[in-house]
Amino acid sequence: EVYLSGMLEDDPPEFPVSYEDLEEHAREELSEEAFAYVAGGAGSESTVTANDRAFDEWQIVPRIMRDVSDRDLSVELFDREYPSPVMLAPIGVQSIIHEDAELAVARAASDLEVPMICSSVSSYSIEEVGDELGESPGWFQLYWSSDRSVAASFLERAEEAGYEAVVVTLDTPKMGWRERDIELGYLPFLEAQGVKNYFEDPAFRDRLDGADPWENQEDAIASWQACFGDASLTWDDLEWLQDRTDLPVVIKGVLHPDDAREAVERGVDGLIVSNHGGRQVDGAIPALDALPDVVDAVDDATDDREVPILFDSGIRRGSDVVRAVALGADAVLLGRPYAYGLGIGGEDGVRAVLENLLADLDLTVGLSGCASLEEIDRSTIRRADR
Ligand code: FNR
């Protein structure tokens with residue numbers, strides 16, 4: 001369909017197809033601050049670059065003559081079947097990128113049946129995003145507030161609003177050293193947007209002693225900053241969270257195999273191997289390099305792989321998804337590409353990015369000689385010897 005529309009219509013596609021063009025276009029369209037917010041990483045951004053390069057270290061070895069006329073990209077996670085292994089990564093404060101923000105993303109996601117993970121720091125409330133998703137699957141991402149009443153309130157609201165899993169991001173008890181954001185004054189910028197999901201939360205409002213966060217945004221942002229994360233968390237705190245929700249608990253930000261083992265032993269329901277797109281620890285291991293060891297650790301710690309392993313940080317194209325799946329990921333999260341699509345074209349931009357990725361993935365899986373994700377394994381790839 002993507003090829004045909006290019007052949008039948010004279011016009012080139014409305015939105016850039018390649019990731020590089022998408023990023024370039026976003027650089028031109030977005031304000032300097034908004035582009036820096038999406039593109040930026042921690043420190044020298046060495047990990048942002050390393051994430052991308054890590055994919056070049058693995059090469060697909062395509063097979064031929066293996067009936068791939070019917071391809072099935074579906075995957076089952078927590079008793080629900082999804083049409084493809086692609087989900088939308090949580091991205092906060094999307095009003096910085098586009099005024100329709102998470103609502104536009106939810107519309108595009110539900111059109112294409114791509115599950116969306118809604119951030120705690122969303123610009124629309126998680127209830128509004130949930131309404132927009134309707135029957136389409138949504139997961140809720142929690143930044144575990146140091147104010148336990150706020151964390152508990154978020155969990156309750158997420159369940160009430162129909163989210164199907166909780167993703168707890170554990171690599172961000174505080175935000176990383178993001179030089180571009182610091183130089184461009186991220187916090188005053190954030191203040192202008194507000195963090196609606198917090199501002200509308202009853203437990204967060206209790207912290208403000210009745211003051212209206214929209215009237216006095218400076219104080220509200222200061223209070224948000226004070227309770228945003230909790231740097232004192234240890235594994236022993238996990239039970240508190242598990243006791244407060246009936247939803248599957250998926251932890252995000254796992255890079256070390258020992259952490260993966262500990263998480264599984266503590267009964268987490270799923271893991272996301274991620275370095276937050278290189279936004280937290282400059283010089284951190286590329287997430288793709290961490291994946292095989294985490295997969296082995298989880299396989300050792302469980303009899304039969306009951307704990308799904310998801311992956312993000314560097315997914316740009318269909319071949320990246322194939323490589324992550326070959327290294328043991330059950331599904332992947334797409335981040336910056338859809339944020340750029342949002343910035344360039346709102347809902348239509350996100351839809352175009354997703355359509356292209358899914359078409360590219362479908363072709364790449366088939367051309368690699370696989371008819372389903374089960375057929376993709378470590379024999380599908382090999383390490384590049386240079
Ligand atoms: C993020 N990420 C993120 N993660 C999270 O758990 N909660 C959040 O609110 C955000 N916010 C956010 C904003 C922006 C602008 C970006 C780019 C990323 C991290 C995100 O979920 C994911 O881990 C990364 O985006 C993966 O890296 P790539 O593939 O986008 O480079």
Side-chain angles (χ1 to χ4, degrees), residues 19 22-23 26 30 33-42 45-55 86-98 101-102 105 115-124 126 129 139-145 154 165-176 178 180-181 184 186 189-190 193 195-198 224 228-229 250-255 271-281 284 286-288 290-291 310-317 320-321 323-324 329 331-343 353 357:
Y19 177 71
L22 197 64
E23 185 170 46
L30 294 175
E33 291 89 348
F35 182 76
Y37 169 59
V38 179
E45 302 184 348
S46 64
T47 298
V48 180
T49 313
N51 278 341
D52 291 346
R53 293 209 179 126
F55 286 88
V86 177
M87 309 184 74
L88 295 183
I91 289 193
V93 221
Q94 293 181 14
S95 58
I96 290 176
I97 308 167
H98 190 280
E102 296 84 6
V105 173
M116 171 177 179
I117 307 178
C118 183
S119 170
S120 289
V121 284
S122 49
S123 315
Y124 286 89
I126 57 173
V129 179
W139 293 5
F140 168 67
Q141 177 265 324
L142 179 75
Y143 277 132
W144 189 333
S145 174
F154 277 5
V166 177
V167 170
V168 195
T169 301
L170 295 176
D171 58 14
T172 312
K174 292 188 177 301
M175 271 201 283
R178 303 188 192 155
R180 296 199 218 195
D181 283 346
L184 292 167
Y186 175 68
F189 186 49
L190 187 63
Q193 305 289 329
V195 186
K196 192 172 178 193
N197 192 47
Y198 275 78
W224 167 73
F228 164 77
V250 179
I251 64 171
K252 176 169 182 277
V254 179
L255 293 169
L271 306 178
I272 304 179
V273 175
S274 164
N275 59 25
H276 213 110
R279 297 162 75 82
Q280 286 299 97
V281 179
L288 196 72
L291 182 60
L310 284 70
F311 169 87
D312 79 31
S313 299
I315 296 290
R316 307 289 176 250
R317 293 189 157 83
D320 299 332
V321 184
R323 285 177 273 199
V332 302
L333 276 50
L334 186 70
R336 289 183 174 97
Y338 89 81
Y340 291 141
L342 176 67
V353 167
L357 178 74

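Scope of the values below: all heavy atoms of this structure, side chains included, with no hydrogens, waters or symmetry mates. Counting starts at 1 for both ligands and their atoms, following the listed order.
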So, does Tyr338 use its side chain to make a donor-acceptor pair with the main chain of Ala89 at under 3.5 Å?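 Yes: the side chain of Tyr338 pairs with the backbone of Ala89.
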
Has the side chain of Glu23 got a donor or acceptor atom that lies under 3.5 Å from a matching backbone atom of Tyr340? no

Per-ligand residue contacts, ligand 1, heavy-atom threshold under 4.0 Å: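 Contacts of ligand 1 under 4.0 Å: Tyr37, Val38, Ala89, Pro90, Ile91, Gly92, Ser119, Val121, Gln141, Tyr143, Thr169, Lys252, Ser274, His276, Gly277, Arg279, Asp312, Ser313, Gly314, Ile315, Arg316, Gly335, Arg336.
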
Suppose we screen for ring-ring contact (aromatic ring centres under 6.0 Å, His included). Which residues come up paired with Phe55, at least two apart in sequence or across chains?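 Phe55 satisfies ring-ring contact (aromatic ring centres under 6.0 Å, His included) with no residue once adjacent residues are dropped.
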
Suppose we screen for ring-ring contact (aromatic ring centres under 6.0 Å, His included). Which residues come up paired with Tyr124, at least two apart in sequence or across chains? none

Lys/Arg N to Asp/Glu carboxylate O, Arg317 vs Asp320, below 4.0 Å: no

Output all residues satisfying side-chain contact (heavy atoms from CB on, under 4.5 Å) with Ala284, sequence neighbours left out; order by chain, then residue number.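 Thr47, Val281.
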
